Protein chains: 2
Amino acid sequence: MVTLAQVAQHAGVSPSTVSYVISGKRSISQDTRLRVERSIAELGYHPHAGARALASNRSHVIALVVPLRTDMFVPVVMEIAIAVTTTARRYAHDVLLLTSEEGPSAIKRITNSGLADAMILMDVELEDERIPLLRQTGTAAALIGLPADPAGLTCVDLDFEATGRLAADHLADLGHREVALIGPAESVYRRHTGFAERTLTGFRQQAGVRGLRFLHRPCGDGHEAASGTLSRIFEERPGITGLVVQNESALPHLLGQLRQSGRAVPEDVSVVAICPDDVALHSAPRLTSVSVPAKEMGRRAVELVMALAAGRPAEELTLLTPALTIRESSGPGPR
Amino acid sequence: MVTLAQVAQHAGVSPSTVSYVISGKRSISQDTRLRVERSIAELGYHPHAGARALASNRSHVIALVVPLRTDMFVPVVMEIAIAVTTTARRYAHDVLLLTSEEGPSAIKRITNSGLADAMILMDVELEDERIPLLRQTGTAAALIGLPADPAGLTCVDLDFEATGRLAADHLADLGHREVALIGPAESVYRRHTGFAERTLTGFRQQAGVRGLRFLHRPCGDGHEAASGTLSRIFEERPGITGLVVQNESALPHLLGQLRQSGRAVPEDVSVVAICPDDVALHSAPRLTSVSVPAKEMGRRAVELVMALAAGRPAEELTLLTPALTIRESSGPGPR
DNA sequence: ACCTACTGTCGAAGCGCTTCACCAATCCTG
DNA sequence: CAGGATTGGTGAAGCGCTTCGACAGTAGGT
């Protein structure tokens with residue numbers, strides 16, 4: 001293993017100089033910097049992470065807590081996780097993967113052991129038991145998702161209320177009068193995971209403003225749940241011509257079921273999905289959708305948390321503005 | 001921050017004693033052990049990861065390299081990742097998440113910096129450029145997937161050849177005579193990611209043995225690709241009554257298309273999927289499937305890598321035996 | 001009874017790095 | 001051109017832990 005001392009010797013300078021070249025915390029003459037850098041490359045030197053963490057009290061690691069429960073759409077979780085690690089690398093940081101299985105104690109363990117400088121939490125619940133701990137330990141942390149009381153925390157999320165409003169507006173604009181919101185599984189609402197409820201709130205509000213008659217139904221995963229939900233909706237409200245779907249895994253089943261039951265999209269029913277773009281693009285017809293900006297959320301979370309870890313202040317609430325892309329699944333309403 | 005020295009003082013012993021209590025590397029009297037353990041709990045002590053890594057040369061971290069390219073089914077990747085982290089925790093280890101973006105240099109960086117004691121690589125290609133590095137540095141590593149030459153490496157994978165044979169056998173047993181294998185996107189075959197080719201090999205072999213006439217077609221993601229592939233298959237071979245599908249994301253579209261084109265499953269066409277169980281269960285009809293044991297793979301990889309890191313020898317090749325579960329999508333063939 | 005062996009504990013060295021205090025040389029600035 | 005800044009470099013302390021060797025004290029074998 002190559003050590004800093006060896007690099008120093010090879011470059012003919014003192015260890016501290018090498019350290020300063022690497023960290024950039026002091027000005028170093030062009031000349032010696034080059035010499036040191038050449039030695040580093042030549043010897044293939046990489047600083048020992050543990051030693052560095054011990055001496056500097058910073059590990060250059062961000063902990064990412066991913067949900068175990070899979071009522072968040074798994075590909076979105078993965079996309080965020082990947083965005084987090086690639087962004088972290090741009091800050092010369094690595095990512096430690098934790099699951100919510102370990103619970104709140106994981107937070108204590110990580111902060112106390114100095115394993116990570118900062119944390120990013122996904123799958124935040126409205127009354128998340130980890131939040132008091134975060135507040136009290138003053139850990140540099142960003143939440144992806146919104147708890148009930150985000151004061152003093154740093155949160156990133158899509159503005160789901162605006163998303164709901166946007167979807168309602170789009171259907172209203174097209175002339176639809178009766179619409180339905182198909183959400184995630186009921187368990188998600190019961191666990192108060194925020195995003196589902198916020199979409200509903202925004203949707204309900206704007207539906208009111210625009211005079212839309214509307215229905216809201218949760219929908220489980222799988223084909224059966226999807227087709228059951230769908231037929232019950234049309235049974236109850238045969239006049240429905242607009243559907244907003246916030247449930248990625250039900251989407252293909254829902255579309256298949258519509259096709260099979262003889263309702264053409266968009267001629268008979270318009271569909272607006274809340275999903276990642278690639279899901280919208282891989283459906284038939286291609287879906288008008290409000291995209292879930294997973295990459296952006298991951299990236300922002302890292303940026304915020306890096307600011308916090310560096311002692312800089314960070315925006316408390318980052319609500320990403322939703323964007324609706326009109327594709328082939330939505331068209332003019334009745335008449 | 002609580003240090004080992006503080007624990008020692010609190011318990012009235014020397015620091016080294018505390019260390020030995022924690023590591024169990026020397027025998028400690030019942031009496032002092034209890035006293036120390038109580039102090040640890042009382043002070044909420046967690047060893048400083050960096051200091052420990054520096055002194056002991058072991059970081060208690062496993063690096064997990066996940067694919068960036070998403071031609072592996074994302075939920076499977078995620079499930080493996082989660083299985084890896086939960087299993088790692090049982091060995092008191094944490095998991096560092098890397099993406100294949102950084103390429104082979106990541107391996108050097110991690111091993112040289114002592115950030116991780118071992119690595120688990122997913123998305124291994126037949127001629128993976130990281131493998132020489134692994135061999136040469138002697139890194140404790142496990143591969144999930146099979147390279148062209150696994151000699152001297154530690155690999156875990158589903159036995160895809162057996163999987164192909166199993167699927168062929170099942171259809172043959174049911175009396176089908178003409179069948180098709182619908183695989184992942186063509187790009188996957190071109191990149192030689194092993195698993196697709198191995199399934200094909202096993203399927204072809206057993207189809208030969210059982211006298212099945214068969215066709216093989218890759219299939220892209222999305223509805224269009226799926227329905228296109230399907231109609232071309234039936235155009236070319238109208239007599240086909242059995243389908244093996246190794247493409248999770250095409251599955252719902254394929255099934256929808258079959259339904260729509262008036263082919264009943266399993267009355268007209270039998271479908272055998274190679275996919276995780278929950279995908280099979282969430283389809284309609286529930287699919288006869290060979291399950292991809294993601295959890296098991298993650299778990300095994302950790303166990304193997306922990307053995308290697310501890311200097312114990314490890315199985316070079318772990319091929320998990322596939323299991324076919326008969327559900328509702330496969331039935332008797334023609335006649 | 002003596003020597004050996006083992007058990008339980010301690011002290012201290014040292015892992016590889018960062019950073020503080022210090023120094024020498026150069027640079028302005030009035 | 002004196003005096004204070006500024007720049008570029010060094011030496012050494014010390015971060016919190018593990019681990020080696022030492023050392024009492026007790027046990028076991030003969």
Side-chain angles (χ1 to χ4, degrees), chain A residues 1-37 39-40 43-61 92 109-117 309-311, chain B residues 1-37 39-40 43-61 92 109-117 310:
Chain A
M1 197 211 167
V2 190
T3 71
L4 183 144
Q6 291 172 31
V7 174
Q9 192 164 17
H10 186 273
V13 296
S14 79
S16 50
T17 302
V18 176
S19 176
Y20 286 125
V21 165
I22 292 171
S23 69
K25 293 193 180 177
R26 289 236 184 139
S27 55
I28 297 286
S29 71
Q30 178 81 346
D31 192 53
T32 42
R33 173 192 288 97
L34 252 51
R35 210 142 32 89
V36 170
E37 282 169 352
S39 297
I40 288 177
L43 301 181
Y45 168 71
H46 288 271
H48 187 284
R52 189 216 280 261
L54 179 57
S56 69
N57 217 11
R58 319 196 86 276
S59 63
H60 289 241
V61 167
R109 187 171 67 83
I110 298 302
T111 55
N112 287 335
S113 68
L115 235 184
D117 300 332
Chain B
M1 198 211 164
V2 189
T3 71
L4 183 143
Q6 291 172 32
V7 174
Q9 193 165 14
H10 185 273
V13 297
S14 80
S16 50
T17 302
V18 176
S19 176
Y20 286 125
V21 166
I22 293 172
S23 69
K25 293 194 178 173
R26 286 221 182 155
S27 55
I28 298 287
S29 69
Q30 178 83 342
D31 191 52
T32 40
R33 175 193 285 100
L34 250 50
R35 211 142 30 89
V36 169
E37 281 168 352
S39 296
I40 289 178
L43 301 181
Y45 169 71
H46 289 269
H48 187 284
R52 186 215 280 263
L54 179 56
S56 70
N57 218 9
R58 319 194 90 278
S59 63
H60 289 240
V61 167
R109 187 171 67 83
I110 298 302
T111 54
N112 286 336
S113 68
L115 235 185
D117 300 332

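Note that this is a predicted model, so its numbers are computed, not measured. Below, chains carry the letters A, B, ... as their sequence lines are ordered, and counting in each starts from 1.
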Is the number of heavy atoms from other residues, nucleotides or ligands under 6.0 Å of B:Q9 CD greater than 12?
no

Hey, does the side chain of A:K25 come within less than 4.0 Å of C:dT18's phosphate (OP1/OP2), counting only N and O?
no

Can you confirm whether the side chains of A:T17 and A:S14 place a donor and an acceptor under 3.5 Å from each other?
yes

Identify every side-chain donor-acceptor pair in residues 44-52 of chain B under 3.5 Å, counting partners at least two apart or on other chains, and give the distances.
{"residue": "B:H48", "atom": "ND1", "partner": "B:G50", "partner atom": "N", "Å": "3.0"}
{"residue": "B:H48", "atom": "ND1", "partner": "B:A51", "partner atom": "N", "Å": "3.0"}

For nucleotides 10-16 of chain D, give me one character per nucleotide, 5' to 3': B if any protein heavy atom sits under 4.0 Å from the base, S if the only such contacts are to the sugar-phosphate, - if neither.
BB--BBB

Just wondering, do A:I40 and A:I22 contact through their side chains at under 4.5 Å, heavy atoms?
yes

Base, sugar-phosphate alone, or nothing: which one does B:S23 contact when heavy atoms must sit under 4.0 Å apart?
nothing

Nearest whole angstrom, please: distance from the P of D:dC17 to the CD1 of B:I40.
10 Å

At under 4.0 Å between heavy atoms, what does A:S19 touch on the DNA or RNA strands: base, sugar-phosphate, or nothing?
base

Which heavy atom of B:V2 sits nearest to which heavy atom of B:L43, and what is that distance?
CG2-O, 3.4 Å

Counting just side-chain N and O atoms, does B:S29 come under 4.0 Å of either OP1 or OP2 of C:dT7?
no

Atom-pair distance (CG on B:D31; C1' on D:dT26), nearest Å
16 Å

Has A:S27 got a side-chain N or O lying under 4.0 Å from the OP1 or OP2 atom of D:dT7?
no

Could you check how far CZ of B:R33 sits from P of C:dG8, rounded to whole Å?
9 Å

Nearest whole angstrom, please: distance from the C1' of C:dT19 to the CG of A:N57.
13 Å

Audit row: B:S29, B:T32, side chain to side chain donor-acceptor pair (under 3.5 Å) steps and yes/no:
CA-CA 6 Å; B:S29 69; B:T32 40; 2.7 Å; yes

Could you tell me how far apart A:R35 (CZ) and D:dG9 (C1') are, to the nearest whole angstrom?
11 Å

